[in-house]
Asker: 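This is the structure I want to talk about, given as structure tokens.
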Amino acid sequence: MTKKIITISREFGSGGRFIGEEVAQKLGIAYYDKDIIGQIAEQSGLSPKYIQENAELSPKKGMFAYAFTGRDITGKSIGDIVYEAQRKVIMEIAEKESCVIIGRNADFILKSRDDVLNVFIHGNMPEKVQRVCKLYNVNESDAVKMINDTDKRRRTNYNFYTDQKWGMADNYTLSLNSSQIGYPKCESIIMQCI
């Protein structure tokens with residue numbers, strides 16, 4: 001297999017992380033998700049805990065507040081510093097090996113490469129709620145709030161740093177509904193495309 005990179009963007013609760021992990025395992029390639037946090041922390045000089053809580057999600061504010069919050073005299077915010085570190089780490093990983101990268105705007109960061117398959121995993125709300133209730137041991141109301149909040153923060157971060165709209169089919173090679181076709185079929189389709 002020639003070097004291939006698979007990026008997986010996903011709605012919260014859609015199973016995108018699980019699908020990506022399974023694809024990486026079946027293909028025998030590296031898998032990058034939360035383990036990338038240490039590398040981003042090292043590049044940015046910020047703590048891994050801060051990166052884990054803020055690298056992929058915007059603060060709990062709207063786009064306007066996000067654009068102007070915490071900027072220094074050069075115009076850079078901590079979010080900008082984290083994004084640049086994240087961008088550098090993702091580009092270095094893509095140069096090094098075939099892998100699956102979950103989230104972190106990797107689809108946009110690597111869009112100029114010919115060896116990247118960009119996937120967006122989404123799902124129907126009832127299935128996502130059920131999955132989140134089970135994974136996080138919360139009730140349905142809390143699951144809906146978690147899904148809406150996380151996806152809003154992902155969308156704000158993505159839209160701000162990429163000048164694209166999160167979840168729009170044009171940004172991805174594949175857009176798969178895990179609720180309708182199931183995880184195994186999503187995995188199979190992704191592997192057939194590389």
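By convention here, the first residue in the shown sequence is residue 1.
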Asker: Would Tyr183 and Phe18 count as a close aromatic pair, with their ring centres under 6.0 Å?
Answerer: yes
Asker: Just by distance, with hydrogens left out, do Gln25 and Tyr31 show a side-chain donor and acceptor under 3.5 Å apart?
Answerer: no
Asker: Report the distance from atom SG of Cys186 to atom CD of Glu22, rounding to the nearest 0.5 Å.
Answerer: 12.0 Å
Asker: Check this for me: does any side-chain nitrogen of one of Glu95 and Arg113 sit under 4.0 Å from a carboxylate oxygen of the other?
Answerer: yes
Asker: Judged by modelled atom types alone, do Tyr136 and Asp142 share a side-chain donor-acceptor pair under 3.5 Å?
Answerer: no
Asker: Please say whether more than 12 non-hydrogen atoms of neighbouring residues, nucleotides or ligands are located less than 6.0 Å from NZ in Lys134.
Answerer: no
Asker: Distance check, rounded to the nearest 0.5 Å: Met191 atom CE versus Ile6 atom CD1?
Answerer: 8.5 Å
Asker: Report, as yes or no, whether the 6.0 Å neighbourhood of atom CD on Glu42 holds more than 12 heavy atoms from other residues, nucleotides or ligands.
Answerer: no
Asker: Keeping the roles fixed (side chain from Ser98, backbone from Lys4), state whether a donor-acceptor pair exists under 3.5 Å.
Answerer: yes
Asker: Run through Asp115, Val116, Asn118 and flag the one making a side chain to side chain contact (heavy atoms under 4.5 Å, CB included) with Leu110.
Answerer: Val116
Asker: I'd like to check Ile189 versus Leu176 (side-chain heavy atoms, cut-off strictly below 4.5 Å). Are they in contact?
Answerer: yes
Asker: State, without any angle test, whether Tyr158 and Asp107 hold a side-chain donor-acceptor pair at a distance under 3.5 Å.
Answerer: yes
Asker: Does a donor on one side chain sit under 3.5 Å from an acceptor on the other, for Asn177 and Asn124?
Answerer: yes
Asker: Donor-acceptor check, side chain of Glu11 to backbone of Asp151, threshold 3.5 angstrom: yes or no?
Answerer: no
Asker: Is Phe12 close to Asp149 at the side-chain level, that is, under 4.5 Å between some pair of heavy atoms?
Answerer: no
Asker: Can you label the angle between the Trp166 ring and the Phe120 ring as parallel, tilted or perpendicular, going by 30° and 60°?
Answerer: perpendicular
Asker: Answer whether the closest heavy-atom distance between the side chains of Val119 and Ile19 falls below 4.5 Å.
Answerer: no
Asker: At what distance, to the nearest 0.5 angstrom, does CG of Asn139 lie from NZ of Lys145?
Answerer: 9.0 Å
